[in-house]
Structure formats: C-alpha cells, structure tokens
Amino acid sequence: YSTLKPDSASIANFISQRTRINIEYNSDKIKLKISPQNVRVWGDVNASSKNDNNTSLHEAYAEALFNKNISIQLGRQELNYDNERIFGATDWAMQGKSHDAILFKFVVDSIHKIHVGVAYNAIGESNFRQNYSIPQYKTLQYIWYHGDFKNINLSVLALNNGMPYLKDNKEKVAFTQTIGATSTYSKKKFNANVEAYVQTGKIATKKVLSYYASANLEYQWIDKLKTSIGVTYLSGKSNNDSSSTIKSFNPLYGTAHKFNGFMDYFYVGNHNNTVGLIDINASIFYKIEKFSLKFIPHVFLGAADLYKNGEKQQKLLGTELDLVAAYKVFNNFSLEAGYSQMFGTSSLELLKGGNKDNANNWVYLTAKFNPVIFKN
C-alpha cells in the first residue's frame with residue numbers, strides 16, 4: 001500500500017477505529033455543529049492507560065443566517081467542494097480533514113452559489129509575532145462559484161494559498177494561486193465531466209507553473225450497470241530538469257484517495273514535486289438491491305521524463321487493479337471490502353524504491369455504523 005514492498009519487509013496487519021459524534025442545531029437564524037472524534041489503532045495505548053492523545057475536535061462551527069441569500073460560517077469546518085479534487089473532507093483517512101476558517105455564503109436564486117473563504121493560522125496567543133512552525137498554510141483565501149443549469153453544472157475556484165518559510169531567520173509568506181473550473185454534462189443515461197486547473201505564484205523563493213486536467217465519460221447501460229472511462233493529467237518535472245521552477249501540480253487539500261487508484265501510490269502525502277502523472281482508467285459498477293461491486297483498472301505513466309544515469313527510462317509506471325464490494329446490511333450498518341494489486345515497473349522502482357516483483361497488494365474490510373441517536 002502506497003509504495004513498493006522492500007525485500008526486507010514483512011506484511012503488516014492492524015485494525016483502525018474512528019468514533020465520531022455529530023451534534024447539530026438548526027434554527028431560522030443560527031446553525032451549530034460540534035463533532036468530537038477519537039481515532040485509534042487497536043492496542044496503541046496500554047489497556048489500563050489513563051491518557052489518550054487520539055481525541056480531537058473534527059468540527060466546531062456556528063453559522064449565522066442573515067436571510068435566505070446570505071450567511072456567515074465561522075470555526076473549524078470541512079471545506080468540501082465539487083469532486084473533492086482541491087478541497088475535500090478526506091473521509092478515507094480516519095481523522096478526516098477540517099480547517100479553521102471564516103466562510104461567507106451567497107445564494108442567488110436557486111441557480112447560482114458563491115462562497116468566499118478566509119483562514120489565518122497562528123501557533124498560539126502571543127503579544128509579539130511568532131514563527132508559524134506547523135507544516136501547513138499560514139493563510140489562505142478562496143472564492144468558489146457554482147451554477148446549476150439545464151443539463152450542465154459549472155464550478156469555478158480561485159485559491160490563494162500562503163505558505164510560511166524562513167529567510168534570515170524571519171518568517172515570510174509566499175503565495176501560490178490555483179485557478180480552474182469543473183463542469184458536468186448530464187442527459188438521460190450519459191454523463192461527461194471535464195476539469196482543468198493551473199497553479200502559479202511562488203513556494204518560498206521558487207516560481208510555480210503547473211497544470212491539471214481530466215476528462216471522464218460515464219454511461220448507465222441498465223439500472224444495475226454503468227461503466228466509465230477517463231484520463232487524468234497532472235504536470236510534473238523531469239529529474240533531469242535543473243531549473244528552479246516548480247512544475248509539478250499539487251492537489252493541495254483534496255481527497256486524494258478518490259483519485260489515481262485506491263492503493264494511494266500518488267498524491268496521498270507522497271509523489272509531490274516529481275514527474276507528475278497520467279492516469280488512464282476505466283470502471284465497471286454493478287449494483288443489485290443492497291449489494292454493489294466496482295472494478296477499476298488503471299494505467300499510470302509519468303507526465304515528465306524520468307532519467308537514470310543520464311538514460312531516459314520508460315514512462316510507464318505501472319498498472320493497478322482495484323476491486324471494491326459493498327453490502328448494506330441495514331439502514332445504519334454497512335460493510336465494504338477492497339482488494340488492490342499494483343504491477344509496477346522499473347520506473348516506479350526508481351521513484352519509490354522497493355521491488356516491483358514483490359507481491360504489491362493489499363486488502364481491507366470496513367464496518368460502518370451510522371445511527372441517528374436523537375432528533376427533535
């Protein structure tokens with residue numbers, strides 16, 4: 001999972017658990033949400049331990065509704081937009097992802113929505129400025145527009161992302177801009193989605209210029225069966241490129257597990273600032289009553305050239321097969337099982353290390369309980 005298996009390594013087995021409580025309050029003028037959670041691996045603390053450092057506050061925000069068109073939401077909250085490519089809740093990770101932010105919401109009739117988000121982070125309360133040492137953004141601002149039309153929906157996102165760095169032992173903030181759009185066309189049994197983003201600006205003192213684009217086609221053959229085909233391009237930088245410009249696209253705060261294979265070899269806390277990626281994929285989805293089955297093959301290639309000892313390597317990084325089965329036992333309880341296999345190449349070995357000829361696969365089983373305990 002996420003990297004090729006070294007010859008000296010043995011397989012791992014573990015059980016992870018997330019316990020999360022969602023408490024929500026809604027009135028005509030105010031909405032509140034508080035969501036404490038505990039994330040653990042079974043056995044990571046002593047059975048008689050007094051302390052547990054695995055508890056956190058996933059969400060804690062309040063929203064004031066001035067009228068049906070304008071509201072403001074403040075506090076720790078998920079930022080989750082469109083297909084979660086740039087902003088997502090990252091629900092695959094047990095801890096998820098949430099942000100401390102102020103969100104202004106505007107609704108223009110039932111067609112147009114606009115969100116304006118602002119975040120500013122500090123290491124703590126202090127009278128004088130302190131360097132921000134947590135490895136994430138110091139500040140960000142974004143504007144998101146979404147429109148629902150007859151057969152087409154369109155979203156546009158512009159994000160200004162400020163990352164701290166030290167210069168002469170003083171904190172500076174460099175900004176990158178991620179700007180792009182995603183659109184989906186739907187008619188009867190056919191869906192088509194296209195999206196494209198560009199990144200520019202600076203990371204520390206280095207210039208950024210990178211790109212992302214994808215296209216997907218989906219067709220519902222019968223009620224129980226649909227298929228899709230797609231291609232994704234994330235720009236990269238050749239390891240033979242000596243320029244200081246950052247040319248590798250960064251999906252930033254998206255739910256990376258949804259994309260580029262469920263084995264998470266690419267962009268799940270890894271693969272940044274490398275040769276990028278081209279993902280050619282297809283899927284078959286079958287559902288009957290409470291049971292569903294999905295099969296997704298991927299072909300992965302580097303977007304930029306990869307060299308070893310001055311010799312250009314093959315662009316093919318590997319082929320991945322993903323199989324996921326789900327069963328809804330009853331309304332508040334479901335099971336999901338997955339199996340994935342990566343057939344890597346020598347180029348993937350060069351990027352990841354490990355041995356492409358080892359059994360690079362994994363299997364998981366999840367049990368999800370989601371009851372509504374009380375509602376008034």
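The residues of the chain are indexed from 1 along the displayed sequence.
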Carboxylate-amine/guanidinium contact Glu59 Arg76, below 4.0 Å: no
Residue pair Ser186 / Asn191, side-chain donor-acceptor N/O under 3.5 Å: yes
Side-chain donor or acceptor of Glu218 paired with backbone N/O of Thr227 under 3.5 Å: no
Validation row: Asn260, Leu234 side chains within 4.5 angstrom (heavy atoms): yes
Centroid-centroid distance, Tyr212 to Phe249, less than 6.0 Å: yes
Under 3.5 Å donor-acceptor, Tyr265 side chain and Thr3 backbone: yes
Proximity of His112 and Tyr145 rings by center, below 6.0 Å: yes
pair Ile123-Ser133: side-chain heavy atoms closer than 4.5 Å: yes
Sub-4.5 Å side-chain heavy-atom contact between Thr55 and Asn53: no
Polar side-chain atom of Asn240 near backbone of Ser238 as donor-acceptor pair, under 3.5 Å: no
Ser183 side chain near Asn193 side chain, heavy-atom distance below 4.5 Å: no
N/O donor-acceptor pair under 3.5 Å between Lys294 side chain and Tyr286 backbone: no
Non-hydrogen side-chain atoms of Tyr267 and Asn250 separated by less than 4.5 Å: no
Geometric class of the Phe369/Phe333 ring pair [parallel <30°, tilted 30-60°, perpendicular >60°]: parallel
Closest non-hydrogen atom pair between Thr232 and Ser214, with its separation: OG1-CB, 3.7 Å
Arg85 charged N/C atom sitting above Tyr197 aromatic ring, 6.0 Å / 45°: no
4.5 Å side-chain heavy-atom contact, Glu320 and Phe343: no
Validation row, ring centre His115 to ring centre Tyr142 under 6.0 Å: no
Closest approach of Ser155 to Asp82 (non-hydrogen atoms, all atoms of both residues): OG-OD1, 2.6 Å
Identified salt bridge (Lys or Arg N to Asp or Glu O under 4.0 Å) partner of Glu63 from the options Lys33, Lys105, Lys29: Lys105
Side chain to side chain, Val299 and Leu316, heavy atoms closer than 4.5 Å: yes
Atom of Val268, atom of Ala256 and distance for their closest heavy-atom approach: CG2-CB, 3.6 Å
Close aromatic pair by centroid cut-off 6.0 Å: Tyr253 and Tyr137: yes
Geometric class of the Trp221/Tyr219 ring pair [parallel <30°, tilted 30-60°, perpendicular >60°]: perpendicular
Closest approach of Phe291 to Ala325 (non-hydrogen atoms, all atoms of both residues): CE1-CB, 4.2 Å
Electrostatic pair Glu171-Arg129, nearest N-O below 4.0 angstrom: yes
Within-4.5 Å side-chain heavy-atom neighbours: Asn38 and Asp52: yes
Donor-acceptor under 3.5 Å (Asp44 side chain, Trp42 main chain): no
Contact summary for Gln37 and Arg18, nearest pair of heavy atoms: OE1-CD, 3.8 Å
Lys/Arg cation over aromatic Phe285: Lys226, 6.0 Å, 45° cone: yes
Distance-only polar pair, side chains of Asn22 and Ser35, donor-acceptor under 3.5 Å: yes
Modelled atom types, side-chain donor and acceptor of Gln199 and Ser210, under 3.5 Å: yes
